[in-house]
Amino acid sequence: MERRCSGQIKVVIARHCWLGLGRKARRLFDRFGLSATVERNCAMVLLVTSNRQVLVYGDRGIHRHVGSEFWPAVNQTMLERFKSDDFAGGFCDAIAMIGERMAEHFPPRESASNELSNRIEYAA
C-alpha cells in the first residue's frame, strides 16, 4: 500500500475502553500523533480487546474524501471476518479497503517519507 499512496494507516490495540469507543479513538489518535501527517490522511484501526470492539477512525483529510458511510463499512467487513475467528483476515481486509480509497485520493509523492512508524501501538 505504501507504494500506491501517501496515506498512513496505524493499528492500535487497547485493553480497555471506559470512555466510549469514539472518545477513546480520538484520544489515542491524538496520543500517538496521528493527526501530524502533512495531508491529515491517517486512518487508525482500533481494537479494544476486553470490550471486543473495533473502530476505524480517519483524520479529516481522508474523511473529507470518503465520507461518514465508509468507516462503518470497513468496521463491518472486519467484524464479519472476526466472527469466524479470522482476525488476521479482518485486519488485512480493513487495511486493504482503506488503502484502496487512499490511493484514489492521495497518490504517492516523490518526496514521500513514511510519516508514521509501521509498528502496532498498544495502549491501556
Side-chain angles (χ1 to χ4, degrees):
M1 192 227 26
E2 290 182 348
R3 286 185 218 122
R4 295 183 48 222
C5 73
S6 61
Q8 303 286 307
I9 300 172
K10 175 63 82 174
V11 174
V12 177
I13 299 174
R15 282 184 284 173
H16 303 287
C17 179
W18 309 111
L19 307 170
L21 195 55
R23 197 166 162 198
K24 178 82 167 186
R26 282 188 296 279
R27 284 188 174 192
L28 291 173
F29 204 85
D30 291 340
R31 176 177 162 191
F32 292 118
L34 304 182
S35 61
T37 60
V38 171
E39 296 181 75
R40 301 294 301 260
N41 59 356
C42 180
M44 176 180 69
V45 180
L46 172 62
L47 170 68
V48 181
T49 58
S50 66
N51 301 57
R52 296 183 178 181
Q53 294 176 301
V54 295
L55 180 72
V56 180
Y57 185 88
D59 205 352
R60 65 178 163 209
I62 183 66
H63 183 75
R64 180 181 69 233
H65 292 288
V66 300
S68 53
E69 302 83 31
F70 177 68
W71 307 113
V74 176
N75 280 350
Q76 189 59 39
T77 298
M78 199 167 23
L79 287 171
E80 289 300 318
R81 296 291 290 263
F82 287 3
K83 285 178 185 174
S84 59
D85 292 331
D86 185 6
F87 299 103
F91 277 108
C92 288
D93 285 354
I95 290 167
M97 286 176 73
I98 297 165
E100 286 174 24
R101 294 301 295 272
M102 284 183 170
E104 292 173 22
H105 303 288
F106 299 99
R109 296 184 312 264
E110 269 187 46
S111 63
S113 62
N114 201 7
E115 294 180 82
L116 302 171
S117 77
N118 292 330
R119 140 181 114 232
I120 295 172
E121 300 290 352
Y122 297 93

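Everything quoted here is computed from the prediction, not taken from an experiment.
- Of all the heavy atoms in Ala103 and Cys5, the pair that sits closest is CA-CB, 3.6 Å.
- With contacts defined as side-chain heavy-atom distances shorter than 4.5 Å, the pair Leu116/Leu34 qualifies.
- No continuous path of hydrophobic side-chain contacts links Val38 to Ile9 [ILVMFWY only; heavy atoms under 4.5 Å].
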Derivation of the side chain to side chain contact (heavy atoms under 4.5 Å, CB included) call for Trp71 and Ile62: CA-CA 11 Å; Trp71 307 113; Ile62 183 66; 3.9 Å; yes
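- Atoms CG and CG, on Leu55 and Leu47 in that order, are 11.0 Å from each other to the nearest 0.5 Å.
- Put simply, the side chain of Thr77 never gets that close to the backbone of Ala94: no donor and acceptor are under 3.5 Å apart.
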Verdict with supporting geometry, His65 and Phe106, ring-ring contact (aromatic ring centres under 6.0 Å, His included): CA-CA 10 Å; His65 292 288; Phe106 299 99; 5.3 Å; yes
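- Looking at every heavy atom in both residues, Pro107 comes nearest to Ser6 through O-OG, 3.4 Å.
- The NZ atom of Lys24 sits 9.5 Å away from atom CH2 of Trp18, with the distance rounded to the nearest 0.5 Å.
- A distance of 14.0 Å separates CZ in Arg101 from CG in Asn41, rounded to the nearest 0.5 Å.
- Remark: the backbone N or O of Val56 is paired with a side-chain donor or acceptor of Asn75 at under 3.5 angstrom.
- Minimum heavy-atom separation, Cys42 to Phe29: O-CZ, 3.7 Å.
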Candidate pair His16 and Thr49, rule side chain to side chain contact (heavy atoms under 4.5 Å, CB included), full reasoning: CA-CA 7 Å; His16 303 287; Thr49 58; over 6 Å; no
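- At a threshold of 4.5 Å between non-hydrogen side-chain atoms, the residues Leu46 and Val54 do not count as touching.
- Annotation: cation-pi pair Arg81/Phe87 absent, no NZ/CZ under 6.0 Å from the ring centroid and within 45° of its normal.
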Stepwise side chain to side chain contact (heavy atoms under 4.5 Å, CB included) test for Met44 and Leu28: CA-CA 9 Å; Met44 176 180 69; Leu28 291 173; 4.3 Å; yes
Intermediate values then yes/no, side chain to side chain contact (heavy atoms under 4.5 Å, CB included), Asp93 and Val74: CA-CA 8 Å; Asp93 285 354; Val74 176; over 6 Å; no
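- Note that the CD atom of Glu100 and the CD1 atom of Ile95 stand 12.5 Å from one another [nearest 0.5 Å].
- Taking CE from Met102 and CD from Gln8, the interatomic distance works out to 7.5 Å, rounded to the nearest 0.5 Å.
- Relative ring orientation between Phe91 and Phe82 is described as tilted, the plane-to-plane angle lying within the 30° to 60° band.
- Rounded to the nearest 0.5 angstrom, Asp30 CG and Ser35 OG are separated by 5.5 Å.
- Not counting sequence neighbours, Arg60 has no partner by the side chain to side chain donor-acceptor pair (under 3.5 Å) test.
- In this structure, the side chain of Lys10 does not engage the main chain of Phe32 through any donor-acceptor pair within 3.5 Å.
- When atom types are taken as modelled, the side chain of Gln53 and the backbone of Val48 share no donor-acceptor pair closer than 3.5 angstrom.
- In this structure Asn51 satisfies the side chain to side chain donor-acceptor pair (under 3.5 Å) test with no other residue, sequence neighbours excluded.
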